[in-house]
Amino acid sequence: MPQEIPKAYEPQEIEERWAKVWFEQELFRAENSAPGPTFSIAIPPPNITGTIHIGHMLEHTQIDMLVRWHRMRGDRTLWLPGMDHAGIATQFVVERQLAKEKIRRQDLGRDEFERRVWQWKSESGGAIKQQMIRLGASCDWTRERFTLEPALYRAVIEAFLRLYREGLIYRGRYIVNWCPRCQTAISDLEVVHVERPGKLWHLRYPIVGSKGAAQEYLVVATTRPETMLGDTAVAVHPDDERYRRFVGKSVVLPLVNREIPVIADTYVDREFGTGVVKITPAHDPNDFEVGKRHNLPEIDVMTNDGHMSAAAGKYAGLDRFEARARVVSDLDALGLLERIEEITHAVGVCDRCKSEVEPRISTQWFMNMKPLAEPAKEAVRGNLIEVVPDNQRTILLNWLENIRDWCISRQLWWGHRIPIWHCADCKEMVPATDSRVELFEGHARAAGIPTKCPKCGASKLTQDTDVLDTWFSSSLWPFSTLGWPDDTPDLRAFYPTSLLISGYDILFFWDVRMIMMGLHLTGGATAQQRVPFKRLYLHSLVRNADGAKMSKTKGTGVDPLHLTQQYGTDALRYMLASMSAPGTDIVLSDDRILGARSFANKIWNAARFLFMNLEKVEASGLTLEELAAPEIRAKAPYPVKGEGALAHRWIFSRLAAVVAQVNEALEDFRFHEACQTIYQFFWGDFCDWYIEWVKPQLAATDREIALPAWRNLFAALDVALRLLHPVMPFLTEELWHKLPQPAGARSIALDRFPEPISHWPDAGSDDAMARLQEIVIAARNIRAEMKLDPKRKVAAEFWTGGPMLRNLVAENMDPLLRLAALSELQVSSVHLDPTGAAIRSTSAFDLRIAYGNTADKPAEMARLTKEIERLAKDIEAKQKRLADDNFTSKAPGKVVDDLRATWMERQIEHKKLRDRLEQLEK
RNA sequence: GGGCGACUAGCUCAGUGGUUAGAGCGCUCCCCUCACACGGGAGAGGUCCAAGGUUCAAGUCCUUGGUCGCCCACCA
């Protein structure tokens, strides 16, 4: 078997195999009745619009690392998966698909269109799930949820009805953001502002009563001249001397020839433009407010699809941009276009389809957010929800401070239909009788249908045709997925969830709204019991080399499955995690993925080394069981007889430190730090030093050496694998199974995460090993400088002042000679002669290797000179500080002492180098 | 108009007031040494954007400025 282990790690087959096993065995099913601390996390549900992209992969890697870490630490752990119906986005995608067949959704009708979307959902949703399974997400798939499934529909209706009864949800006619392409209202958050070059047209409105040569005008400036057709007033500031005499008079609205009043309102900024504003209450939020104050009529001059309506007179039927051009040229022809100013201004476009949004009066459903924002602010301020990184907390609170009402209705067909019925006779709005749902063609719809109008008694009631903003259902996700509004065992066990990990780009869309809804709707007695999550971690966004956010629609997305096939899932996961420093975005780089792949390969080969050599060991009568059974591993480190035993105590001491560091890092979402710590340990300490150090011991014929050495090696590998598992689940699972495990043990994922064992840390070994490493490095350095043939062993001399290091060298002579490629290391009690030799030294020791004929004396002298200069500078700086009473009296004693100690060491080194340079100069 | 972030080695980035500021990649030199060339060994490489300030001590904290990026915002 051992020879069968491939030389290079080949992840494909291994990953596919384990992904399948994990899923089929329901390995990650959470027990809601199990005892102990709980760790629960609800997935940010991917939209069914597409497939998993690299951003999901980053998010899932971080979540999965924490989930696996908690699970291995024995917590009752749930990662609940699911998907979002993504109302407008999905409808957009399916409409686009239909467009290829030259079909409009209106041709199909609402029911048939919905059928098509469900069809899309089953294909796309299935693909996402398969991807996630393949990428190793350790979700509890038995609890998978979908925002449009019956149970969640019921939660949506329940939430709506409660908020409606409380008066927090209301219907009204206000200015909303209207997308003429999607033909629906959208919320403020769905409007993105883009800076664009534009024009400010200055238009003359003739004053009524002035004529001929005495004709007077008021000049207004506008970026949307076509809306002038809906003007119902012109406004100036009440204190503006220039225009005071016109207030109360009228102007003739050009092209329309409607007389409209000149009004005074403090909303007008005297400094801006001409100080005169056209008032179009139906097409501008400010004008709408002004219109309310002055009882102005509201004239909507547009249609749902962005054309001019009948109210636009002769412009009716024109596209809004055509109408704009026409209005301008017509005004110009009449001599009423004073001038055109080129400006850059922010244009609101639809987040989804990028069409220019039309502010427009419309009857919609809204949610009053201020009362919900207050408890949310308190919860965040009171740290009931800890926000990481901290600066996001300020951003969050600031947003809550300035929150405005949320337009929650959408004129779409794909989504949760609003559970309100309208009376055909008296227009009374009648809510659903309760939140029950029933199945219709396999999908849920509201079942609490009112039969009679409570106001007029009529029975002709029709359900509101609007659906809810997709984020409405998302805002219930942490508790709707656990069975709310019922008081289920899952809800009791896993709510509040422990943590939310999301991208900061959806902080306002989703995270904040969950906080508000969770606090308002769930049943806990205290806010602490009602928050949807106790911690909120906002992760970075993945950007491409240009710094642009990865986007599928822009074609800049990277397919993680493709990368996975190229480099392996574990490598990709490691790469993403190792770049996940909180608060900074991630720019993908091929180099980093390659590095991660190399790391996976390194781990693979370290294990391969063990198992390959095992064959020889087994020939001598030892079995894998004797060397690596769980109960054997548990008792490591074992004392090893003879030279070089130190390394065993050292590697476990290192492990203890590494485990503690990794735990701390993961606790604070410092994924990159956890990765780097493990990497340095595994590659540097474990492979480069430990394995190399103990190789001869493993081959020793003396059982008292070989047996404990093997046992320690296997035990250390086992700890390392468990340490690595959260970030590299597949590779570690595969290798873990090659070690003997307890009967019935199914997966490393259910094994324990390493704990720093109290007898592992050993400061003495840490120090001793560090000294020995310095000696080896010093020797290698000389060898490299002298360009010695690596195969040629050379003799070296060693001097040290004290007995400690001398003993240490004697006790570890064998590994020292081997790793430094020395034939002998003669320990001298007198100072070494620098002539004809290269010497490397620290303050504690000197190491001398005699020159061959090829020695490069000038190079050595140059090196020494440079080093001496550097040291001199350093010593001077330290001396200055130590001479400063301010420093010695005010700095902590330890800092002063440490500085003095280093200062003295440097002086020793400095003197050594100077002496040596002098010798060479002779 | 507000707010946030970044600026550190050739590149991509870590860095939690306290020895000589680190990593990966790249670069230079040597080596296909019996786990791994996706490897081993040894190196070179930094006015920490600038200027002030606080402090015994600043890459780190404060102020101002610069460059770049992001978010929010109803000034026509």
Taking [X] for the side chain and [Y] for the main chain, is one N or O donor matched with an acceptor at less than 3.5 Å?
X	Y	answer
A:Glu401	A:Leu396	no
A:Thr842	A:Ala844	yes
A:Asp351	A:Glu190	no
A:Asn402	A:Asn398	yes
A:Arg270	A:His237	no
A:Asn177	A:Val357	no

Could you state the [atom1]-[atom2] distance from [X] to [N], rounded to the nearest angstrom?
X	N	atom1	atom2	answer
A:Lys873	B:U19	NZ	P	19 Å
A:Asn398	B:G2	CG	P	14 Å
A:Gln676	B:A14	CD	P	11 Å
A:Glu401	B:G2	CD	C1'	14 Å
A:Ile908	B:U19	CD1	P	20 Å
A:Tyr504	B:A6	OH	C1'	11 Å
A:Asp591	B:G10	CG	C1'	12 Å
A:Arg393	B:G3	CZ	C1'	16 Å

Taking any strand in view, what nucleotide pairs with [N] in a Watson-Crick or G-U wobble way, both distances under 3.5 Å?
N	value
B:C75	none
B:A9	none
B:U16	none
B:A42	B:U28
B:A21	none
B:A57	none
B:C70	B:G3

For nucleotides [N] and [M], find the distance between their [atom1] atoms and express it as a whole number of Å.
N	M	atom1	result
B:G17	B:C32	P	48 Å
B:G52	B:G15	P	28 Å
B:U54	B:G45	C1'	33 Å
B:G24	B:U8	C1'	15 Å
B:G22	B:A44	P	13 Å
B:C48	B:A58	C1'	11 Å
B:A73	B:C7	C1'	27 Å
B:C31	B:C68	C1'	44 Å

Kindly say whether, by distance alone, the side chain of A:Arg670 makes a donor-acceptor pair under 3.5 Å with the base of B:U16?
yes
Go through the N and O atoms of the side chain of A:Glu692 and the base of B:A35, and report whether any donor-acceptor pair is under 3.5 Å.
yes
Quick one: sort the A:Tyr679 and A:Phe599 rings into parallel, tilted or perpendicular, breaks at 30° and 60°.
tilted
Once the angle between the rings of A:Phe366 and A:Tyr174 is folded into 0 to 90°, is it parallel (under 30°), tilted (30 to 60°) or perpendicular (over 60°)?
perpendicular
Out of [options], whichever nucleotide has its closest atom nearest the side chain of [X]:
X	options	result
A:Ala891	B:A14, B:A35, B:C56	B:C56
A:Val895	B:U12, B:G18, B:C25	B:G18
A:Gln680	B:A23, B:C4, B:C29	B:A23

Is there any protein nitrogen or oxygen under 3.5 Å from a nitrogen or oxygen in nucleotides 72-76 of chain B, and what are the pairs?
unit_1 : atom_1 : unit_2   : atom_2 : d
B:C74  : OP1    : A:Arg404 : NH1    : 3.0
B:C74  : OP1    : A:Arg404 : NH2    : 2.9
B:C74  : O2'    : A:Asn286 : ND2    : 3.1
B:C74  : O2     : A:Asn286 : OD1    : 2.6
B:C74  : O2     : A:Asn286 : ND2    : 2.8
B:C75  : O2     : A:Asp269 : OD2    : 3.4
B:C75  : N3     : A:Asp269 : OD2    : 2.9
B:A76  : O2'    : A:Ala221 : O      : 2.6
B:A76  : N6     : A:Asp269 : O      : 2.8
B:A76  : N6     : A:Phe272 : O      : 2.8
B:A76  : N1     : A:Asp269 : N      : 3.4

Minimum heavy-atom distance between A:His202 and A:Thr274, given as atom pair plus value:
ND1-CG2, 4.1 Å
Heavy atoms only: give me the nearest A:Asp188-A:Arg404 pair and the separation to one decimal.
OD2-NH2, 3.2 Å
Is any side-chain nitrogen or oxygen of A:Lys695 closer than 4.0 Å to OP1 or OP2 of B:A35?
yes
Name the residue closer to the 5' end of RNA chain B, choosing between A:Glu673 and A:Ile691 according to the nucleotide with the nearest heavy atom.
A:Glu673
Within the 4.0 Å heavy-atom criterion, would you say A:Pro892 contacts the bases, only the backbone, or no part of the nucleic acid?
base
Using a heavy-atom cut-off of under 4.0 Å over every strand shown, decide if A:Arg870 touches base, sugar-phosphate, or nothing.
base
A:Lys912-A:Ser843 side chain donor-acceptor pair, cut-off 3.5 Å:
no
Between A:His294 and A:Asp265, a side-chain donor and acceptor under 3.5 Å:
yes
Where protein sits on nucleotides 38-44 of chain B, one letter per nucleotide: B base, S sugar-phosphate only, - none, heavy atoms under 4.0 Å:
BSSSSSS
